[in-house]
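Here the structure is laid out as structure tokens; the discussion comes afterwards.
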2 protein chains.
Amino acid sequence: MTPPDTHVDAETALDHAPAGHKDDLRLWLRMLSCARLIEAEIRRRLRINFDTTLPRFDFLAQLERAPDGLTPGEISRRMMVTGGNVTGLAARLEEEGLIERRAVREDRRAVTLRLTPSGRREFARQSAAHEDWVAELLGGLSATDRGALLRLLDRTRRSVRGAISEGGA
Amino acid sequence: MTPPDTHVDAETALDHAPAGHKDDLRLWLRMLSCARLIEAEIRRRLRINFDTTLPRFDFLAQLERAPDGLTPGEISRRMMVTGGNVTGLAARLEEEGLIERRAVREDRRAVTLRLTPSGRREFARQSAAHEDWVAELLGGLSATDRGALLRLLDRTRRSVRGAISEGGA
DNA sequence: CGGAAATAGTTTAGGCTTCAACTTTCAGGG
DNA sequence: CCCTGAAAGTTGAAGCCTAAACTATTTCCG
């Protein structure tokens with residue numbers, strides 16, 4: 001049924017490429033599939049166990065670390081998403097009573113968002129389970145592998161950041 | 001339903017999981033941020049240079065590898081997204097003339113999607129640029145690092161798959 | 001044959017995400 | 001003081017994505 005997946009003649013391509021091109025692509029695709037696999041599983045469990053989503057979870061996590069609350073703008077920067085996105089998430093979370101808005105005295109444009117007691121309780125439950133899930137999913141790695149992977153990912157991030165800040169094609 | 005997830009208190013936990021739990025979380029967060037960083041940059045460049053998106057690009061990539069076309073169901077499995085999603089993407093890509101639908105003789109429920117000549121040309125352009133981008137972003141890694149990372153990610157994927165197929169909490 | 005079950009694909013409702021346009025407010029220089 | 005520009009936040013349109021319900025067809029098997 002499935003065709004033999006006629007692969008491009010890799011050898012020929014490699015002759016011209018400066019030693020990496022194709023390998024880099026393979027590496028990226030593997031990292032992507034790996035990250036997506038984990039992410040999908042975590043999303044699935046958040047939905048099944050807590051009837052919530054990853055963005056909501058991340059949002060609460062940001063507020064948990066900021067006892068005095070955060071402005072939408074600050075959350076937007078920390079989560080690396082747009083402001084409009086934060087508006088929508090905040091609306092739903094407030095609707096559910098997990099966060100609350102509070103006006104800022106010194107700047108009437110701004111507002112701070114913070115966890116309600118209920119939100120704090122709920123996030124604590126979710127956070128504990130989340131931590132267990134990750135440990136379960138990565139449990140097959142040895143301590144050595146974990147350390148090596150952490151270091152390599154750090155180098156990767158530096159490589160990417162460097163490339164972005166420079167050329168930025 | 002869900003077990004109370006009785007959390008071992010911190011002391012006991014440390015005894016049993018000396019170097020796992022928290023480290024796994026750190027590892028996962030780093031992998032996630034790394035993958036998202038790359039993905040965001042690729043999305044940005046696809047939008048700026050080709051006025052397209054990553055899902056569209058992935059969709060065309062699947063069809064490129066299948067000269068005889070694919071059914072929506074097959075694409076859905078390969079891209080690991082739902083069928084409804086494929087319906088929407090296919091509609092837009094057909095609208096733009098990049099792919100075409102063709103009825104299947106033997107099964108009147110099914111349809112095959114394939115690249116049009118225009119779609120094939122367009123994807124070739126995008127694909128070449130995409131490959132260059134990835135090589136540029138990962139260019140800071142040595143050949144050794146790349147190899148090690150590839151191997152570690154493979155182990156990670158196996159660990160995750162194992163955990164999912166087993167417990168599946 | 002005939003009906004139950006499975007499969008292919010679409011549709012719908014709702015959440016996530018972005019970009020661009022917009023409103024309100026603040027800050028600085030004439 | 002006023003005007004211009006920047007900043008905080010919201011809104012709207014459009015695309016992406018999922019789960020669930022639905023239609024149409026095929027397959028299985030009794």
Quickly work out the [X] [atom1] to [N] [atom2] distance and round it to whole Å.
X: A:Glu95; N: C:dC16; atom1: CD; atom2: P; result: 13 Å
X: A:Leu70; N: D:dG9; atom1: CG; atom2: P; result: 11 Å
X: B:Arg102; N: C:dG9; atom1: CZ; atom2: C1'; result: 19 Å
X: B:Arg105; N: C:dA8; atom1: CZ; atom2: C1'; result: 19 Å
X: B:Arg47; N: D:dC16; atom1: CZ; atom2: P; result: 13 Å
X: B:Ile48; N: C:dC19; atom1: CD1; atom2: P; result: 9 Å
X: A:Asp51; N: C:dG15; atom1: CG; atom2: C1'; result: 12 Å
X: A:Glu106; N: D:dA7; atom1: CD; atom2: P; result: 18 Å

Any side-chain N or O of [X] less than 4.0 Å from the OP1 or OP2 oxygen of [N]?
X: B:Arg56; N: D:dC16; answer: yes
X: B:Asn85; N: D:dC16; answer: no
X: B:Thr71; N: C:dG9; answer: yes
X: A:Arg92; N: C:dC16; answer: yes

**Message:** For a quick check, tell me whether the side chain of B:Arg109 and the base of C:dT7 share a donor-acceptor pair closer than 3.5 Å.
**Reply:**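 Under the 3.5 Å cut-off, the side chain and the base do form a donor-acceptor pair.
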
Considering only side-chain heavy atoms of [X], which listed nucleotide, [options], is closest?
X: B:Val81; options: D:dT18, D:dT26, C:dT18; result: D:dT18
X: A:Thr53; options: D:dT26, D:dG9, C:dC16; result: C:dC16
X: A:Pro55; options: D:dT18, C:dC16, C:dC26; result: C:dC16
X: A:Arg108; options: C:dA8, C:dC26, C:dT17; result: C:dC26

**Asked** Relative to the 5' end of DNA chain C, which residue comes earlier, B:Arg77 or A:Arg43, by the nucleotide with the nearest heavy atom?
**Response** B:Arg77

Using a cut-off of 4.0 Å on non-hydrogen atoms, how would the nucleic acid contact of [X] be classed: base, sugar-phosphate, or nothing?
X: B:Gly84; result: base
X: A:Arg101; result: sugar-phosphate
X: B:Val86; result: nothing
X: B:Leu89; result: sugar-phosphate

**Position toward the 5' end of DNA chain D (nearest nucleotide), A:Gly88 or A:Arg36** = A:Gly88

**Message:** For the aromatic rings, using the six-membered ring if either is Trp, is the centroid distance between B:Phe57 and B:Phe50 under 6.0 Å?
**Reply:**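 Between B:Phe57 and B:Phe50, the centre distance exceeds or equals 6.0 Å.
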
**Request:** Classify the side-chain pair A:Ser33/B:Arg157 by whether it contains a donor and acceptor separated by less than 3.5 Å.
**Result:** yes

Heavy-atom side-chain contact between [X] and [Y] under 4.5 Å:
X: B:Leu98; Y: B:Phe59; result: no
X: A:Ile99; Y: A:Arg114; result: no
X: A:Arg45; Y: A:Glu136; result: yes

**Item:** B:Thr156 side chain to B:Leu152 backbone, donor-acceptor under 3.5 Å
**Value:**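 Indeed, once roles are kept as given, a pair shorter than 3.5 Å links the two residues.
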
